[in-house]
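Positions are given from 1 along the sequence.
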Amino acid sequence: MSRVNPVGIPLISESLRLQLFGDLENHPSKTAREEAKRQLQSFNLSSSNIPTPPIIEFDLPPLEGEDLEKHFHNIAIQRSKPYLDLAESLARTSIPPIPSEFIFKCGWTCYPMDGSEPYSVPYPLEMAIVYDCEVAVTSSNYPVMACAVSSVAWYFWVSPKLVSNGSDTLCPLGKSDKFVVAHYMSYDRARTLETYDLKLSGVRFWDTLSMHQCVAGLSSKQRPLSIKHNKALDDQGESPFYHDWLEVSSGNSLAETSKLHLGFSISKSDRDYFVTGTLLEIKNRFQQLAQYCANDVKVTFQLYQVLWFRFKEKCPSVVTFCGMLQMGTAILPVTRESWYGYINRCEELFHSERLKVNSHLQMLADDAVSKFISGELDPNSDPWLRHLDWSMPSSRAKKHKDKPEWYRKLFKGDKLNLTVRSQCTPYLLRLSWMGFPLYHHKERKWGFLATQGADVSSNTTPLLLENFYSPDGGLSYVDTLFYPLPHKAGENSNVGSPLSKDYLSEMEAGILDSDFPEAKLALKSAISCAYWVSVQDRVKNQFVVLSSDNCTGFICPQLITAGTVTGRAVENTWLTAANPRPNRIGSEIKTTVRMPQGYVQIGADVDS
């Protein structure tokens, strides 16, 4: 018989309890038991609805300590060697001044602290370094230069691609134990040679961005307010969005974090050469851009020194350090066929669906215009079409003289550009939100209209539109309420398109719906395409490094090990991927990961 606690919640079996907790038992008081029951009842929760799980019993390995806390602590101590000591020593050391000039030659060059002659090395020699890579974005995803510093030397690496138009190359750091600090370390780790090997090297990366997020980062609701505040300061010199928490927190960029924690601003204007410049432009400005890269390394080191002690105070457990260190080793094995085959299939299906839905939309648009010209349609009596501009062009118009203004605006040259993203599309599809017609407000974008006194369930604050069209299609003018559609970023955010991935569940539930048969087909296609529309750029921009066989390869996920104020990891492609859905193009992205022989894939989700 399954064990249950005093309020009827199932517990682990007795044999597992003894292995994990020994003879330690907790017997809550009668008062505590009654309070627990009362709290459960207040939320209509009852243990009677909980199915009885099967009794699971097996032998666990012996604990590595006298209790569970010590067990994990001892494991973390062991797994953190020698990196925790290296982290401590790096936080208490100093670094040499930046060299006045860097040598333009392939590979790593060491610049000793004593100022002696620079010399070539295979990789930085010390066990604790601060590191930064730079990429010529218009050329490839591979690095063109990198810089590192230790307590005794500076190091600079130049790619053969930049020096002599040679092949793209990853930057080597060696396989021995090394503690590597970087800001947004996954970006730099993805450009490092030792990353792409199933046999884990001794190199471990540590992220100053994640440290900042843990001690002074912004929540998802604070971030847009912070952006508005900073923009207002730049534009007007003062801000109506000020909050006291802005004094002790900031965004995640190196410029923002250095301003907050170090008290000075850094210029990032030279970064534009790497984003938009050619290899020749970067080569011609080598000394300037090498100094820029080195300065970023210096600032990252200073940031690390300040944040390390605050991070330890906020997250004192060595298990946290060990976990973040381990998460920084993530790698995804793929094959050329699995990855590029997936992209090609998605593109083919997407274009097929897009042609289908665009064809439906053009049919609806042409039908509306035809009926309007023939006199069969009075737009003013239609709750949706009345919001389009039906004025006809003057006699001087050269093209599409017999078409209303909203239709004419859809043309790009001689081609009609009508898609699910077009502003007229929700009107053509006669879309409703809970039965109320959608409307595009000039300032608040998409929402729905309802008469005053209508039974509306919405968590957004309505705007009063005085002497406005009646929402039911009547020709009278009445005071109407406009409710902005709910946005995942909060009530102050506007919805640019209701036919997007964010509203898939509302489409499927019939909250966002239409009575038009053509609209239902368009909605079905929109649901099918929405995920791929949302992720296709991120998917295509994944940095896939193929092995020497040109058939297998790896992706280094761009993971922020602690990307939220609660310490959760953040990654905008793989960690947000849902389970495969037959009606969502691209949702099978996880199936592109292929385990090499001898390995197995295990899925786990804290919410499952």
Side-chain angles (χ1 to χ4, degrees), residues 72-73 76-77 79-80 83-95 128-132 149 179-189 204-227 229-230 241-266 268 296-330 558-572 575:
F72 287 111
H73 177 84
I77 288 288
R79 295 296 297 270
S80 297
Y83 307 105
L84 186 56
D85 290 339
L86 292 171
E88 284 284 358
S89 64
L90 186 64
R92 301 174 188 277
T93 193
S94 58
I95 58 173
I129 62 171
V130 182
Y131 175 60
D132 183 42
V149 69
F179 181 70
V180 181
V181 175
H183 195 79
Y184 187 27
M185 64 85 180
S186 288
Y187 185 87
D188 303 289
R189 180 175 169 259
R204 295 293 182 275
F205 284 82
W206 187 254
D207 192 15
T208 49
L209 187 157
S210 291
M211 293 171 73
H212 159 75
Q213 187 63 32
C214 286
V215 303
L218 297 169
S219 70
S220 58
K221 291 187 177 181
Q222 288 175 320
R223 188 165 287 111
L225 288 172
S226 174
I227 293 170
H229 169 73
N230 291 333
F241 305 106
Y242 176 80
H243 294 273
D244 54 4
W245 47 261
L246 288 164
E247 301 288 343
V248 293
S249 58
S250 76
N252 292 336
S253 71
L254 188 60
E256 291 170 301
T257 52
S258 64
K259 187 174 182 180
L260 175 68
H261 298 290
L262 304 177
F264 59 79
S265 300
I266 60 172
K268 301 294 288 184
D296 272 5
V297 170
K298 177 184 175 182
V299 172
T300 302
F301 169 75
Q302 294 171 314
L303 190 62
Y304 171 78
Q305 286 200 307
V306 170
L307 285 174
W308 174 251
F309 300 101
R310 292 189 62 189
F311 173 79
K312 283 208 309 176
E313 182 181 349
K314 188 77 177 285
C315 307
S317 174
V318 69
V319 177
T320 303
F321 175 82
C322 179
M324 291 174 65
L325 209 62
Q326 189 66 28
M327 289 176 71
T329 65
Q558 296 302 281
L559 185 76
I560 301 175
T561 51
T564 70
V565 291
T566 55
R568 288 181 66 125
V570 168
E571 197 278 339
N572 65 6
L575 285 186

Query raised in the report: How far apart are the closest heavy atoms of G328 and M185, and which atoms are they?
Result: CA-CE, 3.5 Å
Report task. Just do the side chain to side chain contact (heavy atoms under 4.5 Å, CB included) check on F241 and L246 with the steps written out, would you? Result -> CA-CA 10 Å; F241 305 106; L246 288 164; 5.9 Å; no
Requested in this report: Could you grab the distance from atom CE of M211 to atom NE2 of H183, nearest 0.5 Å is fine?
Outcome: 11.0 Å
Requested in this report: Check whether any side-chain heavy atom of L254 sits under 4.5 Å from a side-chain heavy atom of K268, and report yes or no.
Outcome: yes
Query raised in the report: Within the distance-only criterion (no hydrogens, no angle test), does the side chain of T564 pair as donor or acceptor with the backbone N or O of R568 below 3.5 angstrom?
Result: yes
Requested in this report: Carefully, step by step, assess V570 and L575 under the rule side chain to side chain contact (heavy atoms under 4.5 Å, CB included).
Outcome: CA-CA 7 Å; V570 168; L575 285 186; 5.7 Å; no
Requested in this report: If the plane angle is over 60° it's perpendicular, under 30° parallel, otherwise tilted; pick one for H212 and H261.
Outcome: perpendicular
Report task. Keeping the roles fixed (side chain from R189, backbone from A330), state whether a donor-acceptor pair exists under 3.5 Å. Result -> yes
Query raised in the report: With sequence neighbours excluded, what pairs up with Q558 under the side chain to side chain contact (heavy atoms under 4.5 Å, CB included) test?
Result: Y184, S186, Y187, A190, R191, C556
Taking distance alone, no hydrogens or angles, what donor-acceptor pairs closer than 3.5 Å link side-chain atoms of residues 298-306 to residues at least two apart or in another chain?
unit_1, atom_1, unit_2, atom_2, d
T300, OG1, D296, O, 2.7
Y304, OH, A87, O, 2.7
Q305, NE2, A91, O, 3.2
Q305, NE2, T93, O, 2.6

Query raised in the report: What's the spacing between L262 CG and T257 OG1 if we round to 0.5 Å?
Result: 7.5 Å
Query raised in the report: For the residue pair G217 and Q222, what are the closest heavy atoms and their distance?
Result: O-OE1, 4.2 Å
Query raised in the report: Of all heavy-atom pairs between L218 and S250, which one has the smallest distance, and what is that distance?
Result: CG-O, 3.4 Å
Query raised in the report: Is there side-chain contact between M327 and D207, with at least one heavy-atom pair below 4.5 Å?
Result: no
Report task. Just do the side chain to side chain contact (heavy atoms under 4.5 Å, CB included) check on W206 and L86 with the steps written out, would you? Result -> CA-CA 11 Å; W206 187 254; L86 292 171; over 6 Å; no
Requested in this report: List the atom of C315, the atom of T320, and the distance in Å for their closest heavy-atom pair.
Outcome: CB-CG2, 4.0 Å
Query - pair E571-I560: side-chain heavy atoms closer than 4.5 Å - result: no
Report task. Would you mind reporting whether D188 and D132 have side-chain heavy atoms less than 4.5 Å apart? Result -> yes
Query - Any F321 side-chain heavy atom under 4.5 Å of R79 side chain - result: no
Report task. Taking all non-hydrogen atoms of both residues into account, name the closest pair between K259 and S265 and its distance. Result -> CD-OG, 3.7 Å
Query raised in the report: So how far is it from Q213 CD to L307 CG, rounded to the nearest 0.5 Å?
Result: 11.5 Å
Requested in this report: Can you see which heavy atom on I266 is nearest to which on S258, and at what distance?
Outcome: CG1-OG, 3.9 Å
Query - Close side-chain approach of W308 to L90, heavy-atom, < 4.5 Å - result: no
